[in-house]
Amino acid sequence: MQSNDKELVGIFVHLDSLVESVKKLQKMDIKDFVVYSPFPNHEIQELLGKRPSPVRFYTLIGALVGFFGGFGLAAFTALKWGLITGGKPLISIPPFIVVSFEITVLLAALATIAGLIGNAWLSRRRRYAYDSRFSQDHFGLALRCPDHRLPRIREMLNSSGVTEILTKDHKELPR
Amino acid sequence: MTEMNLRYRKVDNDILGTLQKPGKLYFLFISIALAGILWGAGAWYYQIQSGLGVTGLNIPVAWAVYITNFVFWVGIAHSGTLISAILYLLRARWRTSIYRSAEAMTAFAIMTAGLFPIIHLGRSWYFYWLFPYPNQRELWPNFNSPLLWDVLAISTYLIVSLIFLYLGLVPDIAALRDRLKGVRRRIYWLLSFGWRGTSEEWRHYSSTYLFLAALATPLVVSVHSIVSWDFAVSILPGWHSTIFAPYFVAGAIHSGLAMVLTLLIPLRKFFRMEEYITVRNFENLAKVIILTGLIVGYAYITEFFIAWYSGSPFERSTFIYRAVGEYAVEFWIMVIFNSLVPLAFFFKKVRTHVTSLLVISILINVGMWFERFVIIVSSLAHSYIPFAWGIYRTSWVELSITFGSFCWFFLLFLIFVKIMPAISVTELKEEMVPLLRKVKTK
């Protein structure tokens with residue numbers, strides 16, 4: 001962020017106004033912005049054009065570790081004392097698959113959450129301005145830009161149908 | 001104020017508004033629940049002090065009410081995940097206003113179920129031996145045993161259900177946080193992990209939620225199958241049957257859906273949520289109960305048929321004993337309440353009448369409790385050799401702990417509905433058609 005960059009928050013009631021504003025921002029080659037909504041919206045996600053979330057790789061890795069680890073735990077512990085019960089082999093596939101399955105699901109779930117925390121929260125590069133209405137009943141657009149571009153952006157937001165524009169002095173982070 | 005503000009704001013006001021200071025009736029229910037828990041805890045203390053001899057457990061019936069409670073509560077948990085995870089994957093819109101309460105029911109049911117293996121140990125302080133931890137004697141649990149599979153399955157189900165419940169709550173907690181001030185705002189800020197609802201957060205969140213739903217789905221089938229194998233891998237007549245996994249899973253969904261109705265009907269009335277939890281939601285639940293009731297009824301018939309068709313005198317004797325023996329009353333309660341009473345839902349008038357729904361759901365829960373009791377106790381009481389037959393009678397200790405466990409479950413649910421939104425405001429808003437400026441100006 002440059003020292004003469006300013007922060008601006010647009011608050012929207014209408015979804016299409018927000019979508020139109022984002023499209024115009026992209027045309028103006030402004031990349032330093034974030035979109036807020038009280039619920040997920042496919043239109044916004046498609047517009048922002050991001051690839052599918054990498055959380056799925058965490059799930060896969062957790063599942064693989066769980067599958068082999070679960071089976072390994074059961075097999076290793078069975079071999080420790082080597083007690084033959086019911087004439088069955090020491091490493092018996094059916095019961096150990098049950099163990100393996102449960103630990104697969106468990107570690108996959110934990111890894112998925114780790115993926116969410118790692119991607120969504122720990123990797124937040126910067127904090128944008130926030131308004132408490134964004135979790136309730138309004139959409140939001142927070143951006144940073146050089147001072148000289150602000151009037152043009154304001155004009156663009158107004159033409160798109162923004163409800164309210166806040167600048168840095170007026171914003172509050174919920175604390 | 002614009003239309004969109006009103007619609008979304010109404011949802012917030014109606015649902016988040018239920019989290020205000022409770023009235024006297026709420027505190028009365030809490031007091032009753034706490035009193036019940038204290039009574040049950042006192043009975044458990046007496047049992048720990050005096051030993052398991054104070055229960056009715058003996059040879060041959062070494063498993064009875066405690067295991068009945070364990071299986072009962074695990075079964076109830078499954079419907080919550082069916083509604084919140086499986087119906088999510090199937091994109092069933094009617095799930096939206098009921099899944100949060102159902103998920104909470106799941107979490108609390110497993111927490112209740114998890115008490116019983118510990119209570120049933122007698123020497124409850126040794127419960128940690130069930131878990132595989134490295135120790136100096138290099139002792140490990142026996143992974144060939146279904147009791148160990150239970151430990152893993154129940155633990156996994158508890159952890160995954162709690163994660164799934166909490167994940168769904170996060171955006172709602174943020175919505176609640178932003179309406180509050182002072183210390184409460186701070187507390188909910190921490191609980192929401194600073195959720196802001198940015199597009200990046202939603203992108204990862206949506207993926208996470210989808211994968212967790214996909215992971216929770218096989219647990220619905222696998223966990224109660226594993227619990228059923230506690231019995232099916234034995235050799236007892238009436239237990240050693242390949243039907244047990246689907247039989248128990250269907251029964252679990254059956255009892256769980258009934259418990260969802262039992263919880264939602266009063267919740268809807270007390271919180272005045274008639275606009276969100278509609279008769280249509282209840283009717284859909286009732287329709288699924290018809291299906292599960294038919295499956296359970298079919299399983300009863302199949303068991304009897306196979307007992308006769310097999311020609312095994314032991315199998316035949318056990319099933320005749322169930323119908324006319326010592327526990328015949330419990331057996332007929334089970335058959336009538338689980339498979340015959342739900343047939344009333346075939347009539348639209350019954351399945352759309354709130355009082356009928358409540359009464360039938362309670363009867364199903366009673367019936368399902370007795371089903372577990374009949375399966376467990378009758379097979380143990382009447383196995384192969386007449387010399388080994390015995391009678392089990394419930395003791396006041398077991399009944400007190402059972403009562404305490406019901407109070408524990410309802411207490412957890414009562415607390416939950418007053419600190420967290422019982423309906424997902426985020427998903428309700430997501431389903432509404434958003435207001436568009438261009439449409440308005442036409």
Side-chain angles (χ1 to χ4, degrees), chain A residues 13-17 34-41 44-45 48 50 52-56 59 70 73-74 76-78 80-81 85-86 88 92 95-96 98-99 101-103 105-106 108-110 112-113 115-117 119-121 124 128 130 132-138 140 161 163 174-175, chain B residues 2 4-5 7-9 12 132 138 140-146 148-149 152-153 155-156 159-160 163-164 167 171 174-175 177-179 185-186 189 193-208 211-212 215-216 218-219 222 226 426-427 429-430 434-438 440:
Chain A
V13 161
H14 302 107
L15 177 62
D16 54 346
S17 301
V34 75
V35 176
Y36 294 102
S37 58
F39 47 83
N41 185 273
I44 297 171
Q45 294 293 344
L48 295 172
K50 293 280 174 73
S53 169
V55 164
R56 57 210 168 123
T59 311
L73 172 71
F76 165 77
T77 56
K80 252 311 167 184
W81 284 76
T85 50
K88 306 220 170 34
S92 180
F96 292 2
V98 174
V99 173
F101 171 79
E102 293 299 333
I103 297 180
V105 173
L106 178 64
L110 291 173
T112 307
I113 289 298
L116 174 67
I117 292 170
N119 282 285
W121 290 322
R124 261 187 226 162
Y128 291 86
Y130 177 80
S132 58
R133 285 172 281 182
F134 297 154
S135 63
Q136 316 278 316
D137 51 11
H138 287 74
T163 305
R175 279 280 172 254
Chain B
T2 64
M4 179 170 130
N5 270 348
R7 285 192 299 146
Y8 288 3
R9 196 155 292 191
D12 282 338
E138 297 190 65
W140 298 96
N142 177 16
F143 287 105
N144 286 304
S145 166
L148 237 301
W149 304 340
L152 294 172
S155 306
T156 298
I159 292 169
V160 173
I163 289 174
F164 194 47
L167 184 71
R177 161 201 81 199
D178 288 341
R179 288 163 64 96
R185 187 188 180 96
R186 193 112 188 106
W189 175 257
F193 296 99
W195 176 265
R196 293 157 145 252
T198 64
S199 47
E200 270 301 281
E201 282 176 351
W202 282 122
R203 181 168 83 99
H204 300 303
Y205 178 92
S206 300
S207 194
T208 303
F211 280 112
L212 276 176
L215 287 167
L219 287 180
S222 68
I226 286 168
T426 306
E427 277 208 29
K429 290 176 197 169
E430 191 181 352
L435 194 66
L436 302 176
R437 185 174 71 120
K438 288 198 174 135
K440 202 171 160 24

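To find a chain, count down the sequence lines: A is the first, B the second, and so on, and within it residues start at 1. Please read these numbers as outputs of a predicted model, since none were measured by experiment.
When each of B:Asn144, B:Ile159, B:Leu148 is scored by its heavy-atom pairs under 4.5 Å with chain A, the top score falls to B:Asn144. Ranked by non-hydrogen atom pairs under 4.5 Å with chain B, the options A:Ile44, A:Val34, A:Thr59 are led by A:Thr59. When each of A:Phe76, A:Phe39, A:Phe134 is checked for heavy-atom pairs under 4.5 Å with chain B, A:Phe39 comes out on top. Chosen from A:Ile103, A:Thr163, A:Val105, A:Ile113, the residue pairing most often with chain B at heavy-atom distances under 4.5 Å is A:Val105.
For the residue pair B:Phe143 and A:Pro95, the shortest heavy atom distance occurs at O-CB, 3.8 Å. Taking both residues in full, the closest heavy atoms of A:Ser132 and B:Arg185 are given as CB-NH2, 4.3 Å, listed atom of the first, atom of the second, then distance. Closest heavy-atom contact between A:Ser53 and B:His204: OG-ND1, 2.8 Å. Between A:Pro40 and B:Glu430, the shortest heavy-atom distance links the atoms CG-OE2, 3.6 Å. Closest non-hydrogen pair, A:Pro38 versus B:Thr426, comes out as O-CG2, 3.4 Å. Nearest heavy-atom pair, A:Gln136 versus B:Ala175, reported as atom, atom and distance to 0.1 Å: NE2-O, 2.6 Å.
Only the side chain of A:Phe96 comes within contact range of chain B, with heavy atoms under 4.5 Å apart. Using a 4.5 Å cut-off between heavy atoms, B:Pro132 contacts chain A through its side chain alone, with no backbone atom that close. Interface residue A:Ser37: backbone and side-chain heavy atoms are both found under 4.5 Å from chain B. With a threshold of 4.5 angstrom between heavy atoms, A:Val98 approaches chain B through side-chain atoms but not through N, CA, C or O. In this structure, chain B has heavy atoms under 4.5 Å from both the backbone and the side chain of A:Ala108. Only the side chain of A:Val55 comes within contact range of chain B, with heavy atoms under 4.5 Å apart.
Atoms CG and OG1, from A:Leu48 and B:Thr198 in turn, are 10.0 Å apart once rounded to the nearest 0.5 Å. In this structure, CD in A:Gln45 is found 8.0 Å from CD in B:Glu200, a value given to the nearest 0.5 Å. To the nearest 0.5 Å, atoms NZ (A:Lys80) and CD (B:Glu138) are separated by 4.0 Å. Distance check: A:Asn119 CG to B:Thr208 OG1 gives 8.0 Å after rounding to the nearest 0.5 Å. Distance check, rounded to the nearest 0.5 Å: CG of B:Leu436 to CG of A:Asp16 gives 4.5 Å.
Residues A:Phe101 and B:Ser222 form a side-chain contact, since some pair of their non-hydrogen atoms from C-beta on lies under 4.5 Å apart. Side chains of A:Glu102 and B:Ile226 form a contact here, defined as non-hydrogen atoms less than 4.5 Å apart.
The backbone N or O of A:Tyr128 sits less than 3.5 Å from a side-chain atom of B:Arg196, completing a donor-acceptor pair.
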